[in-house]
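Worth saying up front: this structure is predicted, and the values here are computed from it rather than measured. The first residue in the sequence is number 1, and the count goes up from there. Just so you know, ligand 1 is whichever comes first in the structure, and atom 1 is the first atom listed for that ligand.
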Amino acid sequence: AFPEFANKTGNPNQYIIDKLEELKNLHEARGGEDKWRAITYTKVLRQLRLLKEPIRTRADAFRLKHVAEKTANKIMEIVKTGDLRRLKYERTPDLLVRQVFQGIYGVGPDVSQRFYLAGCRTLQDLADGVGGVKLNEAQQIGLKYYEDINSRMPRAEAEEIFTKYIQPAARKIDSKLEVHIMGSFRRGKPTCGDIDVMITRDPADGKTHEGILTRLLKALHDNGVITEDLAIPGEPDGEEAIYRGLCRLPNTPNAQRRRLDFLVIPWKCRGAALMYYTGDDIFNRKMRFKANRMGYSLNQRGLFDGVVRNPSNWSEKLNQGNVIASESEEEIFKILGVPFLLPHQRAG
Ligand code: DCP
Ligand code: MG
Ligand code: MN
């Protein structure tokens, strides 16, 4: 069955990838417990994309990491029939609508469900407020720039916005700031879903970066790079801060709006933050899991020892523990017993 299904990407298993990816997307849109299914398929899909040989037998499927009984069955069904019946049952009319709604920034499985239950079926319905639905400000922006936000930018565009505008604007405020472009860009990807920027500063000279974010945002609004703010959760001018917004190449006809994220972090956390913000998310999950198994706790602030968690709510920490590594990625890898990986090697 395979040769005629293999296609565009030159990957001999592309026809399998297409079906499993659709299933992953449906699980993701459904949310709840299906979130975990989506995560598993994400891992399986990564293995399939790396595979150079076509899958022909069940044994071939089983050789892939993260493939167990049920996934092997699905892969073999696709190999034998070119189709996956499960998709028909997952592709329910409500879910297809909710999937479209979830393309709006700030709308996840639960909010999309609420919109659907209110009677909305199209993006126009949401714009019209059908069923009394009201979008918050960020969601309104998300709807207005739906197409832009849902398309990835070429790597070169992220690079240009960052090196020509964001980095110089930050350095102009304080030449000692460290400003890094992170996320998929740092991993060397050919396209980026957004621009992730991390900011910190060595306080050795007695000065810190506190207060930088507000000034930087103003500078980038003034020169037309930032076009809309989406969210500034928490205090913008603390030692630690987060920002989410939209930006674009200024003075460029038809420049699309792009998602922009800032992460401002204390100098002493820079290694852990660099690691977290480089990702990808599956790699981070794996490293956190590894840390937990060794009795540690890992997050964007550092690797911690002696964290006590609430036994009936594991994600609630009863104390902060002691930091044992946070200033460099290398020491975190080392303590976790993982050989150092370059950013482009960090994928689940
Ligand atoms: N991150 C994470 N878990 C999340 C979200 C993010 O660990 N739920 C970390 C890993 C990501 C990084 O933050 O690589 C940046 O998040 P993005 O959502 O911007 O993801 P990427 O930059 O990796 O991909 P994209 O090109 O889609 O933006
Ligand atoms: Mg990103
Ligand atoms: Mn991001």
Side-chain angles (χ1 to χ4, degrees), residues 21 24-25 27-29 31 35-36 38-40 42-43 45-46 49 102-110 138 141-142 145 148-162 166 179-200 213 226 228-233 240-248 256-265 269-292 297-303 315 329 332-333 336 338 341-348:
E21 184 159 43
K24 181 207 86 163
N25 289 338
H27 283 316
E28 215 161 56
K35 188 179 93 181
W36 302 106
I39 289 172
T40 301
T42 302
K43 295 176 185 167
L45 283 161
R46 179 160 296 144
R49 288 197 179 95
Q102 289 181 51
I104 299 172
Y105 176 85
V107 175
D110 296 346
I141 296 167
Y145 299 107
D148 281 7
I149 294 176
N150 285 294
S151 56
R152 300 178 67 82
M153 75 192 98
R155 178 180 180 78
E157 186 175 340
E159 187 162 22
E160 188 174 353
I161 295 174
F162 177 74
I166 297 175
V179 190
H180 299 287
I181 177 164
M182 311 293 298
S184 47
F185 188 94
R186 185 166 187 244
R187 297 198 310 280
K189 295 292 164 199
T191 66
C192 302
D194 66 356
I195 301 176
D196 300 297
V197 178
M198 180 178 117
I199 299 176
T200 189
L213 190 56
I226 291 185
E228 282 84 18
D229 298 324
L230 290 167
I232 312 181
E240 239 184 85
I242 298 177
Y243 169 84
R244 300 183 212 291
L246 299 182
C247 67
R248 68 171 166 200
Q256 276 178 257
R257 277 170 168 75
R258 305 301 190 186
R259 284 268 300 102
L260 171 64
D261 285 342
F262 283 119
L263 184 72
V264 180
I265 53 113
C269 299
R270 66 194 178 285
L274 206 59
M275 185 170 200
Y276 171 81
Y277 226 30
T278 299
D280 64 9
D281 50 349
I282 303 282
F283 170 81
N284 287 351
R285 189 180 286 280
K286 208 158 108 180
M287 294 297 268
R288 280 199 301 269
F289 185 75
K290 182 124 186 109
N292 293 340
S297 172
L298 176 67
N299 61 29
Q300 70 273 33
R301 298 191 179 92
L303 182 64
S315 60
E329 292 184 319
I332 298 173
F333 273 99
L336 294 180
V338 178
L341 294 170
L342 293 168
H344 73 270
Q345 297 172 310
R346 298 183 201 169

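The backbone N or O of G245 lies less than 3.5 Å from a partner atom in the side chain of R259, making a donor-acceptor pair. With hydrogens and angles disregarded, a donor-acceptor distance shorter than 3.5 Å links the side chain of R187 to the backbone of T278. Panel note: side chain R257, backbone L246; no donor-acceptor pair is recorded below 3.5 Å. Put simply, the side chain of R346 gets close to the backbone of L341: a donor and an acceptor are under 3.5 Å apart.
Scanning the protein for heavy atoms near atom 2 (C) of ligand 1, the closest one is Y276 OH, 3.5 Å. Among protein heavy atoms, the minimum distance from atom 18 (O) of ligand 1 is reached at D194 OD2, 4.6 Å.
Put simply, CE on M198 and OH on Y276 are 13.0 Å apart, with the number rounded to the nearest 0.5 Å. Going from atom OH of Y243 over to atom CD1 of I199 covers 11.5 Å, rounded to the nearest 0.5 Å. In this structure, CZ in R155 is found 10.0 Å from NZ in K189, a value given to the nearest 0.5 Å. Atom OH in Y105 sits 8.5 Å away from atom CD1 in I149 (nearest 0.5 Å). Rounding to the nearest 0.5 angstrom, the gap separating the OG1 atom in T42 from the CD1 atom in I282 is 5.0 Å. For the atom pair CD (Q300) and CD (E240), the distance works out to 7.0 Å, reported to the nearest 0.5 Å.
D194 contributes atom OD2 as its closest N/O/S atom to the Mn ion (ligand 3). Of all the N, O or S atoms in D194, the one closest to the Mg ion (ligand 2) is OD1. Of all N, O or S atoms in D196, the one lying closest to the Mn ion (ligand 3) is OD1. D261 has its closest N, O or S atom to the Mn ion (ligand 3) at the position named OD2. When the N, O or S atoms of D196 are ranked by distance to the Mg ion (ligand 2), OD2 comes first.
Distance check for D261 against the Mg ion (ligand 2): none of its N/O/S atoms falls below 2.8 Å.
Residue contact check: C192 has heavy atoms under 4.0 Å from atoms 26 (O) of ligand 1. Listed by number with element, the atoms of ligand 1 under 4.0 angstrom from any heavy atom of G183 are 22 (O). Atom numbering of ligand 1 starts at 1 in the shown order; those under 4.0 Å from a heavy atom of T278 are 14 (O). Every atom of ligand 1 is numbered from 1 in the order shown, and the set under 4.0 Å from a heavy atom of N284 is 2 (C), 7 (O), 9 (C), 10 (C).
Looking at R187, M198, R244, R152, it is R187 that brings a heavy atom closest to atom 23 (O) of ligand 1. If you check each of S184, A158, G279, G193 against atom 24 (O) of ligand 1, the one with the closest non-hydrogen atom is S184.
Under 4.0 Å from ligand 1, not a single heavy atom of F185 appears. Contacts with ligand 1 closer than 4.0 Å are made by heavy atoms of both the backbone and the side chain of D281. Counting heavy atoms under 4.0 Å from ligand 1, residue D196 touches it through the side chain alone.
Smallest separation of non-hydrogen atoms from C247 and L260: SG-CB, 3.9 Å. Residues D196 and G183 approach most closely at OD2-CA, 3.6 Å, considering heavy atoms.
Heavy atoms of M182 stay at 4.0 angstrom or farther from ligand 1. Taking 4.0 Å as the cut-off, R285 does not count as a neighbour of ligand 1 on heavy-atom distance.
The presence of a protein heavy atom under 4.0 Å from atom 7 (O) of ligand 1 is confirmed. Distance check on atom 20 (O) of ligand 1: every protein heavy atom falls at or beyond the 4.0 Å cut-off. Under the 4.0 angstrom criterion, atom 13 (O) of ligand 1 counts as having a protein heavy-atom contact.
At a threshold of 4.0 Å, the pair E329-R186 counts as salt-bridged, since one of the basic side-chain nitrogens sits closer than that to a carboxylate oxygen.
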